[in-house]
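We use all heavy atoms of the structure for the numbers below, so side chains are in, but hydrogens, waters and symmetry mates are not.
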Amino acid sequence: KRAFATIQECERERIHKFMYQADAKASLVGRLMLRRASSILLNMDNKNLQFNRTKRGRPYLDGCTSLEINVSHAGNLTVLAAEVHQPSHGDHQLFLLGVDVMPVKDSRVNRTDEFFRLMRKQFTDSEWMKIKSDENEAEKLKSFFRHWSLKESYVKAVGTGLNLDLKTIQFTINGDLTPGEIRTDTKVELNGDMREDWRFEEVELDGHLISAALNFTDTQNIREWERLKIEDLLPVNETDLLRSENEEDWLLFSSKEVNKPF
């Protein structure tokens, strides 16, 4: 009940439209993470934060151009990446950031050959050679999801949506991921040009692949991913809630189907 009282009414209504508890919970946690991170980074009370969405549905904080923030959820994880960017004098570069998470395994993929046939056109020849290079089917699928997460993180950063030709974005992966360790040596080519002004932070956590795309290359400012509990996301004081706690929110949530059929 407190979680729903923490977010804006429009988001509360949107979340209640989900059919499954898992989807509603992931979306709700994402909204709480957005608000908590913004509150900490900008030293603002939750009640003073007003989020809107772009035409493509990306949340942004009203009246704040220095905060770049992005959230993603899939499988059992909801992740957030955020940065406050204060451009130096004469620096007019637009700061961009995107994050994506993918589970290593997907129950919807029961035949990799058919799945790969359908998805092949989204990758360059070089990327596809890398994906297919492992003889183990599970490792091939993991490599596919890693490449896909990298592309998603870049697309989310630039805000173009998946109508962008994904074959114009080519990634060169320089090593395997070790669970819990961040890699930053993956390179990207855009329309055949190597772009050194983009950095990609990748990590494998709890059977999920996470990729964050940033259009600046300061490798001295890399933070470890931080695990949060629901208590970390909720306001301590009732005065920071946007409305009174409502029993109806719990009833609506608990009435949803618990398990997704896929």
F18: which residues meet the ring-ring contact (aromatic ring centres under 6.0 Å, His included) condition with it, sequence neighbours left out? none
Are any of the side-chain nitrogens in R183 or D185 under 4.0 Å away from the carboxylate oxygens of its partner? yes
Closer than 4.0 angstrom, basic N to acidic O: yes or no for E201 and R199? yes
Between K167 and D165, does any NZ, NE, NH1 or NH2 come within less than 4.0 Å of an OD or OE carboxylate oxygen? no
By side-chain contact (heavy atoms from CB on, under 4.5 Å) - contacts of E202 (at least two apart): R146, L150, L177, T186, S211
Relative to each other, are the rings of F200 and Y154 parallel, tilted or perpendicular (30° and 60° limits)? tilted
Residue pairs passing the side chain to side chain donor-acceptor pair (under 3.5 Å) test where at least one lies in residues 251-262, sequence neighbours excluded: D23-K260
Going by the angle between their ring planes, with limits at 30° and 60°, are F115 and F144 parallel, tilted or perpendicular? perpendicular
Residues passing the side-chain contact (heavy atoms from CB on, under 4.5 Å) test with N136, sequence neighbours excluded, are D134, A138, E139
Considering residues at least two apart in sequence or located in another chain, which fulfil the side-chain contact (heavy atoms from CB on, under 4.5 Å) criterion with E247? K1, W250, L251
Output a table of donor-acceptor pairs, distance under 3.5 Å, between side-chain atoms of residues 226-235 and any protein atom two or more places apart or on a different chain; print 'none' if there are none.
{"from": "R227", "atom 1": "NH1", "to": "D206", "atom 2": "OD2", "distance (Å)": "2.6"}
{"from": "R227", "atom 1": "NH2", "to": "D206", "atom 2": "OD1", "distance (Å)": "3.4"}
{"from": "D232", "atom 1": "OD2", "to": "K229", "atom 2": "N", "distance (Å)": "2.8"}

Which word best sums up how the rings of H147 and F123 line up, parallel for under 30°, tilted for 30 to 60°, or perpendicular for over 60°? perpendicular
So, are E11 and R35 salt-bridged, with charged N and O less than 4.0 Å apart? no
Could E9 and R31 be called an ion pair, given the rule that one side-chain N must be under 4.0 Å from one carboxylate O? no
